[in-house]
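Since the model is a prediction, treat every value here as computed from it, not as a measurement. First listed ligand is number 1; within each ligand, the first listed atom is number 1.
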Amino acid sequence: MNTPRVDVDGVSVSPDHYVNGHRVASSRTFEDRSPLDWTWKLAEVARGGALEADLAVAAAVAAFPAWAALSPEARGEYLDRLADLIDRDVERIAHVECLDMAMLEESLRLRVIGRGARNFRAYAELARTYESRSWSSNGTDNTVLRMPAGPTVVITPWNAPFMLSTWKCAPALAAGNTVVLKPAEWSPLSCSMLMDLVSEAGFPPGVFNLVQGLGAEVGAALVSDPRVRRISFTGSPETGRLIGEAAAKNIVPFTAELGGKGPFLVFADADLDAAAQKAAVMFDDGGQVCLAGTRLLVHSSVRDEFVALFEAATKQHVLGDSRERATTLSPLIHPEHVARVDGFVTRAREHGDTILFGGQRVDHEGLWYEPTLVEPLSNDSEIVQREVFGPVLTLQTFANESEAVELANSTQYGLSAIIYTSDEARAERLGRQLRAGTIWVNCFLIRDLSAPFGGTGISGIGREGGDYALDFYSDLKTLQIKEGTTHG
Ligand code: NAD
C-alpha cells in the first residue's frame, strides 16, 4: 500500500520508496523538517530497513540482465528523456529542495538542478562513444571489453542531494548497471521527485530504485548485500570508513567522495579584491560545501589589506530566507548541525584561537550561523585540521611559496585547493605540488563533466567524471584471439 502523497508548499511529493517501478511504503517513518522554519514538518518519510533494502536490491538484480543487454544508444534514450523531464520540472524540484535543505532557491533553479539534467545527457552521450579498444601483439588480437558491472548502490549526503545523486546514478545507468539510490535522511524529498520522472520516462521496472531511511539502518543493509557489485558514496570520511569495511567484506569496488578542508592561497601578486570577493563566496550555502577553500593562507605582506577586503566582502552577504532573491546566506541544515558547527568554534575559543569576526549563532530564532573567521594559535588547532562544514574559515599567513605549500598540504584531506596569483608559472608549479583532486586558479567551482573528480587522503577513493566514472561502473575484460582464427 502507498502512503498518500504529501503537499509540500503546493508541490505533490511521495514520501515512499520507489522499488521495481512502484511506490512502496514502510511501517515506520521519520520526520523531515524545513531548516527555513524548524517548526514546519514537510513530511513523514518512509523509514526503510533490511526488508526494503532486500526488496530494492532484488529488483535491481532482476532488472540487470535486460538493461545490460541494451545498446548504449537505447539506454541513452531513457537518460535523455529523463534529462528533458528534469528540465521541465526544474522550478518545482528547486522549490522543494530549497525547503528541504535551505540552499538558495535561485541558485538551485538557475544552476544546480539543471546540472542533474546535464549529468544524464552527458553520460548518455559519453556511453555512446565509450568504445572498446583493440590492438594486435604477440600473435593475438587483443580487445578490451567494457561490461556493465551489475547492481549498484548509490549513497548520497544532504547537501545538493538531487545534483550529487544524479552525478553518480547517470554514469552507473549509462554503463548498463541497475541502481538503488539512498539519499540522506535530512533532505530526502527531491530524490523522491526524481523517481516520479524515472517512472514518467518509462524506465523498465527495477532499473532505477530509491529507498529512504537512516544510514545506520537501510544504508548499512544496502552496502552489506553481497548481490551488489558497485558502491558509490558521497559523504563524510567517518561513514566512508564504515562503507569501505562493508565493501571489503564482499570485495566490491567502491568510490568515496568525502570531506574537504581545502586551502585558499592568496599570493602578494594576486588581484586581492577578486580574491577577497571569492573568499566570501565560501560562506555560500552556509559553508556546507565540501569543495570550499576554508583555510585562507595569505602572504604575510598582504595579510591586513586582504582581511579588510574580505571582511568588507563578507558584510555584503544578506542573511535571510533562502526562497528570497535578496538572500545570499542560508541557514544550516539541522539543529544538530548548528550545534556541531558551534562546538568547533567554542572549542577553538577555549583553545586560545582568535575569533576575528562572527563566532556565534545569529541572534534570532532559526538555524543561521554568523560568517566566522578564526586566526588559529597554531596549525595543529582542531579548527584548522578538521572539516567544520559550516560558515567558518581560518586565516594563516606564509612567508614564501614553500611555506605556503607546506601549510596547504598539512591536513589529512585532499579534495580541492584554490590559488589566487597573477603568476602562471607559479600556478603550474603549485598545481603539481598541492595535494588535492581539483585545483582552481583565480576561479572556483567551474567544472567540466569530462574531467576526473575526487579526492586524495581522507577526502576519498577513486575518481568519477567522464570516462573515469564509466570505467568504475564497468568490468573491464581482456579478450585475446590467436591471429589466424577463422570464422566458423
Ligand atoms: P554522512 O556521512 O553523515 O551521510 C552521508 C550518507 O551516508 C547519508 O545518506 C547517510 O544516511 C548514509 N550513511 C550513514 N551511515 C551509513 C552507514 N553505516 N552505511 C551506509 N550509509 C550510511 O554525511 P552528511 O553529513 O550527509 O554529508 C556531509 C559530508 O559529506 C561532509 O563531510 C562533506 O564534505 C561530504 N561531501 C563530500 C562531497 C564530495 O564530493 N567529496 C560532496 C558533498 C558532501
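Heavy-atom proximity to Ala184, at under 4.0 Å, picks out these atoms of ligand 1: 8 (C), 9 (O). Under a 4.0 Å criterion applied to the non-hydrogen atoms of Leu242, ligand 1 contributes the atoms 18 (N). Those atoms of ligand 1 with a heavy atom of Ile155 less than 4.0 angstrom away are 6 (C), 7 (O), 9 (O), 12 (C), 20 (C), 21 (N). Near Asn159, with a cut-off below 4.0 Å to any heavy atom, the atoms of ligand 1 are 43 (C), 44 (C). Each of the following atoms of ligand 1 lies closer than 4.0 Å to a heavy atom of Leu415: 41 (N). Residue-ligand proximity, Leu164 to ligand 1, at heavy-atom distances under 4.0 Å covers atoms 42 (C), 43 (C). Short contacts between ligand 1 and Pro183, defined as distances under 4.0 Å to a heavy atom of the residue, involve ligand atoms 9 (O).
The proximity of Ala160 to ligand 1, defined as any non-hydrogen pair under 4.0 Å, does not occur for either the backbone or the side chain. With a heavy-atom cut-off of 4.0 Å, Trp186 does not touch ligand 1 at all.
Residue contacts with ligand 1: Thr156 is placed with a nitrogen or oxygen under 3.5 Å of a nitrogen or oxygen of the ligand (distance criterion only). Ligand 1 has no N or O atom lying under 3.5 Å from any N or O atom of Phe453, backbone or side chain. By the 3.5 Å distance cut-off applied to N or O atoms, Trp158 is counted among the residues near ligand 1. For ligand 1, one of its N or O atoms has an N or O atom of Leu258 under 3.5 Å away.
Nearest protein heavy-atom contact of atom 23 (O) of ligand 1 is Ser236 N, 3.5 Å. With hydrogens left out, the protein atom closest to atom 42 (C) of ligand 1 is Cys290 SG, 3.0 Å, a heavy atom. Counting protein heavy atoms only, atom 27 (O) of ligand 1 is closest to Pro157 CB, 3.3 Å. Protein heavy atom nearest atom 11 (O) of ligand 1, with residue, atom name and distance: Glu185 OE1, 2.6 Å. Atom 20 (C) of ligand 1 has its closest protein heavy atom at Gly219 C, 3.2 Å. The protein non-hydrogen atom at the shortest distance from atom 32 (O) of ligand 1 is Glu387 OE1, 2.7 Å. Scanning all protein heavy atoms for the shortest distance to atom 15 (N) of ligand 1 gives Thr239 CG2, 3.4 Å. Of the protein's non-hydrogen atoms, Gly215 O, 3.4 Å is the one closest to atom 17 (C) of ligand 1.
Using cut-offs of 30° and 60° for the angle between ring planes, the Phe283 and His317 rings count as perpendicular. Classified by interplanar angle (parallel below 30°, tilted 30° to 60°, perpendicular above 60°), the ring pair Phe203/Tyr78 is tilted.
The shortest separation from a heavy atom of Ala220 to ligand 1 is under 4.0 Å, placing the residue in contact. The closest approach between any non-hydrogen atom of Gly213 and ligand 1 is not below 4.0 Å.
The heavy atom nearest to atom 40 (O) of ligand 1, out of those in Met163, Glu217, His337, Glu257, is found in Glu257.
When all heavy atoms of Leu258 and Gly240 are compared, the closest pair comes out as CD2-CA, 4.1 Å.
Because its NZ or CZ atom is both nearer than 6.0 Å to the ring centre of Trp167 and within 45° of the ring axis, Arg447 counts as a cation-pi partner of that residue. Both cation-pi conditions hold for Arg347 and Phe344: the charged atom is under 6.0 angstrom from the six-membered ring centre and inside a 45 degree cone around its axis. A cation-pi contact links Arg230 to Phe472, judged by a cut-off of 6.0 Å to the six-membered ring centre and 45° from its axis. For the pair Arg463 and Phe453, the cation does not sit on the ring face, since its NZ or CZ is not both under 6.0 Å from the ring centre and inside 45° of the axis.
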Begin with the C-alpha distance, continue with both residues' side-chain angles, and end with the deciding distance and a verdict on side chain to side chain donor-acceptor pair (under 3.5 Å) for His351 and Asp353. CA-CA 6 Å; His351 175 255; Asp353 302 333; 2.9 Å; yes
Salt bridge (Lys or Arg N to Asp or Glu O under 4.0 Å) between Arg227 and Asp54: does it pass, once the steps are laid out? CA-CA 10 Å; Arg227 295 168 294 179; Asp54 178 60; 2.8 Å; yes
Could you walk me through whether Thr234 and Lys168 satisfy the side chain to side chain donor-acceptor pair (under 3.5 Å) test, starting with their C-alpha distance in whole Å, then the side-chain angles of each, then the deciding distance to 0.1 Å, before giving a yes or no? CA-CA 9 Å; Thr234 299; Lys168 292 167 167 302; 3.1 Å; yes
Might you work through the salt bridge (Lys or Arg N to Asp or Glu O under 4.0 Å) test for Arg386 and Glu382, ending with a clear yes or no? CA-CA 6 Å; Arg386 284 193 55 204; Glu382 182 199 45; 3.4 Å; yes
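Here the two rings, on Trp158 and Phe389, have centers that are under 6.0 Å apart. Annotation: Tyr123 is not in aromatic contact with Tyr473 [ring centroid separation under 6.0 Å not met].
Considering only residues two or more places apart in sequence or on other chains, Arg115 meets the side-chain hydrogen bond (donor to acceptor under 3.5 Å, both in side chains) condition with Asn119.
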